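What follows is a short report on a single structure.
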Amino acid sequence: MITDKQLLRKQMRGYRHVLPKSYRIKASRQISQRLIRFLEAKKLKQILLYWPIHEEVDLRLVAEYFWSNQLEVILPVADQIQKQITCYAVRCVDQLQTGSYGIIEPDPALARLVDPNELEAVIVPGVAFDKRGYRLGYGGGYYDRFFMKNPQLLSIGVAYPEQLCSSVYAESYDQTITILLTPTNLIYFLEKN
Ligand SMILES: Nc1nc2c(c(=O)[nH]1)N(C=O)[C@@H](CNc1ccc(C(=O)N[C@@H](CCC(=O)O)C(=O)O)cc1)CN2
Ligand SMILES: Nc1ncnc2c1ncn2[C@@H]1O[C@H](COP(=O)(O)OP(=O)(O)OP(=O)(O)O)[C@@H](O)[C@H]1O
């Protein structure tokens, strides 16, 4: 049986897939610039970023910003068996490799292992976000597990406006994000549901 959640995931991925490339590039640049300004204002440096796949918001400008300021870029490495994320910090693109799901990830042999307690914020990719701050991903539950173990972390979702919807059919294990950044808005979700 196909669930509402699976249908929504397919529909929202479809919406994202048909966004023109030029639109996605422009929106990604706007979101990246807003994120850089936010991180500077709050003096946040130890940030878990992500390297984009499919048509996700592309934050590589933020990675470039970190590297050009002699800061490390922290990225997740996905363990496909355990469905868990481990964080590694890299100093340049040479420390990256193609990992699970074809995602560009830190090479654990070259990168520095980062304890999640060191993190000051987590930038969360998603397929869709709803008005209560719940997120829909690719269905692996990686970020849900990560936030269940590290509930204190500030989580910042990033999205094109076309990824927002009224409900993503959140389940008991789903965690809300703290902030959502779009090309034109910064939304705070104050209530932890
Ligand atoms: N850029 C990025 N990195 C990330 C995530 C993410 O959502 N985006 N993750 C967040 O969880 C973790 C990896 N999880 C992922 C789970 C599935 C797919 C994916 O593309 N799945 C294919 C099906 C592949 C298969 O079945 O073998 C697909 O949905 O088309 C990608 C990432 C950690 N790193
Ligand atoms: N904290 C958890 N502990 C154990 N299993 C979990 C936990 N969180 C989620 N799961 C499991 O993970 C699966 C996928 O969850 P969900 O559909 O919410 O993923 P998602 O948020 O879309 O994916 P992702 O975070 O990887 O982008 C579900 O079957 C759920 O049972």
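Quantities reported herein were computed from a predicted structural model and do not represent experimental measurements. We count ligands from 1, going down the list as the structure has it; atoms in each ligand are counted the same way.
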Evaluation steps, salt bridge (Lys or Arg N to Asp or Glu O under 4.0 Å), between E171 and K5 = CA-CA 10 Å; E171 292 170 77; K5 192 166 174 170; 2.9 Å; yes

Minimum-distance protein heavy atom relative to atom 10 (N) of ligand 2 = R145 NH2, 3.7 Å

Distance in Å, Y169 OH paired with L136 CG, rounded so as to fall on 0.5 Å steps | 10.5 Å

Going by the atom numbers of ligand 1, which of them fall below 4.0 Å from some non-hydrogen atom of I103?
-> 3 (N), 4 (C), 13 (C), 32 (C), 34 (N)

Below 4.5 Å, heavy atoms only, C-beta onward: do Q97 and P108 meet side chain to side chain?
-> yes

Per-atom contacts of ligand 1 with Y50, taking only distances under 4.0 Å to non-hydrogen atoms | 1 (N)

Under a 4.5 Å cut-off applied to non-hydrogen side-chain atoms, are Q175 and M148 in contact?
-> yes

Determine, counting only non-hydrogen atoms of the protein, whether one lies under 4.0 angstrom from atom 26 (O) of ligand 1.
-> no

Does any N or O in the side chain of W67 come within less than 3.5 Å of the main-chain N or O of V90, such that one atom is a donor and the other an acceptor?
-> yes

Heteroatom proximity flag, G137 to ligand 2, N/O under 3.5 Å = yes

Report the nearest protein non-hydrogen atom to atom 9 (C) of ligand 2: residue, atom name, distance rounded to 0.1 Å.
-> Y173 CD1, 3.2 Å

Measure up the H54 and Y138 rings against each other and bin them: parallel (under 30°), tilted (30 to 60°), perpendicular (over 60°).
-> perpendicular

Report yes or no: does G137 have a heavy atom closer than 4.0 Å to ligand 1?
-> no

Non-hydrogen atom of K5 closer than 4.0 Å to ligand 2 = yes

Please report which non-hydrogen protein atom sits nearest to atom 9 (N) of ligand 1, along with the residue it belongs to and the distance in Å to one decimal place.
-> Y143 CE1, 3.7 Å

Tell me: protein heavy atom nearest atom 20 (O) of ligand 1, and distance?
-> H54 NE2, 2.8 Å

Is Y15 reachable from I25 through a run of I, L, V, M, F, W or Y residues, each pair having side-chain heavy atoms under 4.5 Å apart?
-> no

Side chains of L39 and F66: does their closest heavy-atom pair fall under 4.5 Å?
-> yes

Would you say ligand 2 has an N or O under 3.5 Å from any N or O of M148?
-> no

Is any N or O atom of E56, backbone or side chain, closer than 3.5 Å to an N or O atom of ligand 1?
-> yes

Contact atoms of ligand 2, heavy-atom distance to Y143 under 4.0 Å = 25 (O)

Is the closest heavy-atom distance from R13 to ligand 1 below 4.0 Å?
-> yes

Among protein heavy atoms, which lies nearest atom 18 (O) of ligand 2, and at what distance?
-> D144 OD2, 2.9 Å

For the atom pair OH (Y142) and CD (Q80), what is the distance rounded to the nearest 0.5 Å?
-> 5.0 Å

Give the residue and atom name of whichever protein heavy atom lies nearest to atom 31 (C) of ligand 1, and the separation in Å to one decimal.
-> I53 CD1, 3.5 Å

Should L61 and Q33 count as side-chain neighbours, where that means a heavy-atom distance under 4.5 Å?
-> yes

With a 4.0 Å cut-off on heavy atoms, is R9 touching ligand 2?
-> yes

Would you say W51 and ligand 1 have an N/O pair spaced under 3.5 Å apart?
-> yes

For atom 24 (C) of ligand 1, which protein heavy atom lies nearest, and how many Å away is it?
-> Y101 CD2, 4.0 Å

D174 neighbourhood, listing ligand 2 atoms whose heavy-atom distance to it stays under 4.0 Å = 18 (O)

In the protein, what heavy atom is nearest to atom 14 (C) of ligand 2, and what distance, to one decimal place, separates them?
-> G139 O, 3.0 Å

How many angstroms lie between atom CG of D130 and atom OG of S166, to the nearest 0.5 angstrom?
-> 7.5 Å

Could you give the distance from CZ (F189) to CD1 (I177), rounded to the nearest 0.5 Å?
-> 5.0 Å

Flag yes if more than 12 heavy atoms outside K83 fall under 6.0 Å of its NZ atom; otherwise flag no.
-> yes

Would you mind listing which atoms of ligand 2 come within a distance below 4.0 Å of any non-hydrogen atom of Y138?
-> 22 (O), 23 (O), 27 (O)

Looking at ligand 2, does R135 have a heavy atom less than 4.0 Å from it?
-> yes

Hey, is the main chain of L153 close enough, under 3.5 Å, to the side chain of N150 for a donor-acceptor pair?
-> no

Is there side-chain contact between Y23 and E162, with heavy atoms separated by less than 4.5 Å?
-> yes

Is atom 6 (C) of ligand 1 in close reach of the protein, with a heavy atom under 4.0 Å away?
-> yes

To the nearest 0.1 Å, how far is atom 33 (C) of ligand 1 from its closest protein heavy atom, and which atom is that?
-> A78 CB, 4.1 Å

Who's closest to atom 26 (O) of ligand 2 heavy-atom-wise, of G141, P125, A78?
-> G141

